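Worksheet for the structure shown next.
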Amino acid sequence: MKDNYALEIVNKIFKNVFDKENNFSLNTLLEKFAFDVKLPKQVNDSVTNEITWADSVNNGKFITNENMEKRESSNGWMIPKKEISNLQELIEIWNTINLTTTERVYDSINVVKSDTIYRCENVYRCTGCSDSKNVIYCDSCGNSNFLLASQRSGTCDFCIRTDDSKDCSNSYNVICSNKISDSLFIQDCFDLYECMFCSHIASKKFCIANMQFEEQEYYEIKKTIIEWILSS
């Protein structure tokens, strides 16, 4: 997926969450919204030196999933037996074949700069995602569509910074919540519609900071909050 297509996806998310066009670059979106999301890091294939993307970088030696499979189908990964006189020699031999596989993408299409992706479509720099479409800068999300900078969430649509939540839509900054729609800054809540800055409440609408507002007053305040989010 090319950068311009990723930005088209982000723009659709912005329209649903903020009713605004996205004017940020991918780098700015990363810094502004996904600054704390665990994402694949850029490394180099230890065999070809090509740029690749890895979820885990502890080993320090890498090989793309494609290049790993090429070797498996040609020469294989078994090596001739050698005499080993000490542990150091054994470790040195192991280091020649102990490469971390990168860009592990399975049964997916249009995936870039990502690692450990299953049955997904249109994925940009994500990790641990499955059965999802149109996800940007996400970690461990599943069965979702149009997500940006979200973590460990499922069955969500058109959300930004949704963490440890499920069944959310058209919302921003939702944490540990369920069944949240058209809301901003929600934590530990259930079944909210059009609420902002709320925590530990359920089955409410037009609430701000756990206080009940009239619908018209609520929307006037929401416009100000969205302007603040996009400018701060």
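Atom set for the values below is all heavy atoms of this structure, side chains included, hydrogens, waters and symmetry mates excluded. Since the model is a prediction, treat every value here as computed from it, not as a measurement.
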Does the ring centre of [Y] sit less than 6.0 Å away from the ring centre of [X]?
| X | Y | result |
| --- | --- | --- |
| Tyr106 | Tyr118 | yes |
| Phe33 | Tyr137 | no |
| Phe206 | Tyr218 | yes |

Is there a donor-acceptor contact under 3.5 Å from the side chain of [X] to the main chain of [Y]?
| X | Y | value |
| --- | --- | --- |
| Ser171 | Ser183 | yes |
| Asn86 | Gln88 | yes |
| Arg161 | Val174 | no |

Query raised in the report: Do Lys20 and Ile226 have side chains that get closer than 4.5 Å, going by heavy atoms?
Result: yes
Requested in this report: Taking all heavy atoms of Gln151 and all of Lys38, pick out the closest pair and write down the distance.
Outcome: OE1-N, 4.0 Å
Query raised in the report: Looking only at heavy atoms, what is the nearest atom pair of Ala6 and Tyr124, with distance?
Result: CB-CD1, 3.9 Å
Query raised in the report: Can you list every pair that meets side chain to side chain donor-acceptor pair (under 3.5 Å) and has a residue in residues 197-206, with sequence neighbours left out?
Result: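 Applying side chain to side chain donor-acceptor pair (under 3.5 Å) to every pair that reaches into residues 197-206, excluding sequence neighbours, yields Asp188-His200, Asp191-Ser203.
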**Report entry** Hydrophobic cluster of Val57, others only, ordered by chain and residue number, side-chain cut-off 4.5 Å
**Finding:**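 So far as hydrophobic clustering goes, Val57 is joined with Val43, Phe62.
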Contacts table for residues 74-83: side-chain donor-acceptor under 3.5 angstrom, sequence neighbours left out:
{"from": "Ser74", "atom 1": "OG", "to": "Lys70", "atom 2": "O", "distance (Å)": "2.9"}
{"from": "Ser74", "atom 1": "OG", "to": "Arg71", "atom 2": "O", "distance (Å)": "3.3"}
{"from": "Trp77", "atom 1": "NE1", "to": "Met68", "atom 2": "O", "distance (Å)": "3.3"}

Query raised in the report: Glu103 and side chain to side chain donor-acceptor pair (under 3.5 Å): which partner among Asn65, Thr64, Thr52?
Result: Thr52
Report task. Taking salt bridge (charged side-chain N to carboxylate O under 4.0 Å, His left out) as the test, write out the residues that go with Glu69, two or more places apart. Result -> none
Show which side-chain atoms of residues 138-148 pair as donor or acceptor with protein atoms under 3.5 Å away, not counting sequence neighbours.
{"from": "Ser144", "atom 1": "OG", "to": "Gly142", "atom 2": "O", "distance (Å)": "2.8"}
{"from": "Ser144", "atom 1": "OG", "to": "Thr155", "atom 2": "N", "distance (Å)": "3.2"}
{"from": "Ser144", "atom 1": "OG", "to": "Cys156", "atom 2": "N", "distance (Å)": "3.0"}
{"from": "Ser144", "atom 1": "OG", "to": "Cys156", "atom 2": "O", "distance (Å)": "3.4"}
{"from": "Asn145", "atom 1": "OD1", "to": "Asn134", "atom 2": "ND2", "distance (Å)": "2.8"}

Query raised in the report: Hey, is Asp167 close enough to Lys179 for a salt bridge, meaning N to O under 4.0 Å?
Result: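 Salt bridge: no.
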Query raised in the report: Is the shortest side-chain N to carboxylate O distance from Asp131 to Arg119 below 4.0 Å?
Result: yes
Query raised in the report: More than 12 non-hydrogen atoms from neighbouring residues, nucleotides or ligands closer than 6.0 Å to NZ on Lys222, yes or no?
Result: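 Yes, the 6.0 Å shell around NZ holds more than 12 heavy atoms from other groups.
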Query - Listed partners of Phe24 passing ring pair (Phe, Tyr, Trp, His ring centres under 6.0 Å), at least two apart - result: none
